[in-house]
Amino acid sequence: MIEAVGLTKRFGAKTAVDQLSFQVRPGHVTGFLGPNGSGKSTTMRMILGLDQPTSGQVTINGRPFRELGNAQRNVGALLDAKAVHGGRRARTHLLSIAQLSGIPEKRVDEVLAVVGLQDVARRRTKGFSLGMGQRLGIATALLGDPRVLLFDEPVNGLDPEGILWVRNLMRQLASEGRTVFVSSHLMSEMALTADHLIVIGRGRLLADMGTQEFIAHNSAGFARVRAAGNDQDGRKALAAALTAAGGRVLQEPDGALRVTGLELPHISDLAHGVGVRLWELSPHRASLEEAYMRMTQSSVEYTSTEDPRAELWEPDPLALPAWEDGAAAPEVPQDGFFAPPPPGAGGKPFLMPGSAAELAGTAGTAPNNPEDTR
Amino acid sequence: MTGPATLPDQPPEQDPPLPETRPHLGHALASEWTKMVSVRSTLWTLGALVLLVVGIGLLAVGETNDPTGFTNPPHTAAAVFGLLVGQVAVIVLGVLTVTSEYATGLIRTTLTAAPDRARVLTAKYLVFAAVAFTVVSASVAVVGIASMIAVDSPQAHQTAGEWLAALTGCLYITLLGVLGLAIGAVVRHSAGAIAVMLGLVTLPPVVGGMLTMWDSLTPLGNLIIRYNAPVAIMQMFGLPTSEVGGLPGNWAQLALIVAVAGAAVAGSYAVVGRRDV
Ligand SMILES: Nc1ncnc2c1ncn2[C@@H]1O[C@H](COP(=O)(O)OP(=O)(O)OP(=O)(O)O)[C@@H](O)[C@H]1O
Ligand SMILES: [Mg+2]
């Protein structure tokens, strides 16, 4: 169990982590998400006692990291795959870390086998590929067979097979009752790996809830409807009928419609009612990526601007036709390809813990706290 | 590159469990030793040191193998020429012992595995000092013994006191390396720390000489000329130092470096203990 209370870190004028309170519970893979520079690595360094918090505190199983009796037996971490001396051989590197806690040499060979580096164990790490470096970092984290594991972007640079392996490893570690806290920018991967999510933006907590709940609250599945022959009149009539029936409609550049708030059979009936044939009526499940993008839109710090050369291209954004009610539109990012927000979400686009104190307290009892399904 | 997706941790009844007890300095010493012997920079710096001291030392022995030529200084004095250059190798090794961890980011891995920073730092000092002192004094011994065998002169001598003085000189050079390690731990950059140390070792004779140009600063200048690394080393190895008269004794020189290195070491504990890594 990792518990942060009011964790704050300032670097000069820059507040990297701002009043962050959360709990990472054992038996789950907890994903740690946030845009670049949102403070994920800084938070992890504070958990590991490497950086001193400006205020607030973070404990592991009730004690600050630096007061744990045998750190490696309690906590294993992968912070940076490149954090090795390139001139040292992989096995010697692991051995030197293992010796710090008196971990026997045999364990070094075990973890090398676990991460699949046994064949390159005696090579200098300078020549390692990015993925091999990640595996070595994961091996370092596993050395002490710890109860709590932190991984900062562990799948960065891994091949698809390696990504699958890390996913299974995380899930297995969690199923053994360990606490697994993992940051990543690969949303599709996180959706498959993490049961619980902690999302931060600009150092502040944005969400702390189960993955499925997060997706459900922050995005919606939609139906894509395409009128036959892309005929303008039919599409307009259909859109009007769908809107009248309580659905929300957005037009895609190629003329297809995105519809939320209506079941597929209902859409089909309505199309039949206005005499429009359909070429496509397909369900689209909401993705974590979409939910994440919607939530973190406003807290992205390092956004790219358009390359001026892009103006040579004809922009073709999601058109906002006349029937779309303008008031609801702003929630849809103008330049992204998103579904309209789910009608149910109303003015509260995502579920937020009421206050830091609520999280800090017994999480299960806080009324507004989006507890996981345990 | 295929890893089995299972962890061979839980099942084994035959395996002794991993130790749960609080790790102690001995563990950190073992780790430091592994680190020290597993990188090439150790080989390069210590190899250079041995080559310089023994190589130049044996050349010097050969040159002085003349019954009348090798009069005053003891046998170990032949090692001093190599040492004056070789001390740089010791300093570089001391600096790299800690800055290589900062440069690569390894320090974060180390301090995550061993949050007691003082334990890690102490192990670094002890392992480095032991290795440096052993190699320096072994090289000096080789030169001294070679000289005793080769130089056949009634005036040639090496009393127990002179052996001890030479050993003090080896300790002095080791402490220069310890000072380098301490400065490396504080500034965290290899080049910066090495530059500071080279300045500390090479500039005092020059600066001291310049200060004597002003009357009011002459006492200070003379002090600096008498107390600095090259002079101390030459003196401890029994070479006649032609500088200002009334040179301090070996123990005064040693006390000075102990004080300076000690202060830097204390400072490094304070800084490393509190600072963010
Ligand atoms: N040692 C430091 N000194 C000054 N500023 C720092 C330091 N470490 C981090 N920061 C700043 O704190 C902020 C958070 O950085 P952090 O590395 O924690 O972000 P992150 O969420 O891990 O980003 P990414 O997804 O890119 O890894 C950034 O603006 C960064 O510039
Ligand atoms: Mg980061």
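Numbers restart at 1 for each chain; the letters A, B, ... are given by sequence-line order, proteins then strands. Keep in mind that what you see is a predicted model, and the values were worked out from it rather than measured.
- The structure places CG of A/L78 at 12.5 Å from CZ of B/R108, a figure rounded to the nearest 0.5 Å.
- Applying the salt bridge (Lys or Arg N to Asp or Glu O under 4.0 Å) test to A/R88 and every residue at least two apart in sequence or in another chain returns nothing.
- Annotation: residues 257-275 of chain B contacts chain A through B/G273, B/R275 [non-hydrogen atoms, separation under 4.5 Å].
- Applying the salt bridge (charged side-chain N to carboxylate O under 4.0 Å, His left out) rule to pairs touching residues 46-68 of chain A yields A/R45-A/D51, sequence neighbours excluded.
- Among pairs with a residue in residues 170-192 of chain B, those fulfilling side chain to side chain donor-acceptor pair (under 3.5 Å) read B/T99-B/S190, at least two apart in sequence or across chains.
- The number of heavy atoms from other shown groups lying within 6.0 Å of CZ (A/R204) does not exceed 12.
- Heavy atoms closer than 4.5 Å to chain A are found in the backbone of B/T21, but not in its side chain.
- In terms of heavy atoms, B/A113 sits closest to A/S101 at O-OG, 3.7 Å.
- With B/T112 as the fixed residue, the side chain to side chain contact (heavy atoms under 4.5 Å, CB included) test singles out one of A/L48, A/T140, A/L100: A/L48.
- Once rounded to the nearest 0.5 Å, the distance linking NZ of B/K35 with NE2 of A/H85 reads 10.0 Å.
- Between A/G69 and B/P23, the closest heavy-atom pair is O-CD, 3.4 Å.
- The CG atom of B/D276 lies 7.0 Å from the CD atom of A/Q52; values are rounded to the nearest 0.5 Å.
- Looking only at side-chain heavy atoms (C-beta outward), B/T34 and A/T92 come within less than 4.5 Å of each other.
- Looking at heavy atoms from C-beta onward, A/I97 lies out of side-chain contact with B/S31 at the 4.5 angstrom threshold.
- With respect to chain A, the highest number of heavy-atom pairs below 4.5 Å among B/A103, B/A30, B/S100 belongs to B/A30.
- B/D116 contributes atom CG, which lies 12.5 Å from atom CG of A/L68 (distance to the nearest 0.5 angstrom).
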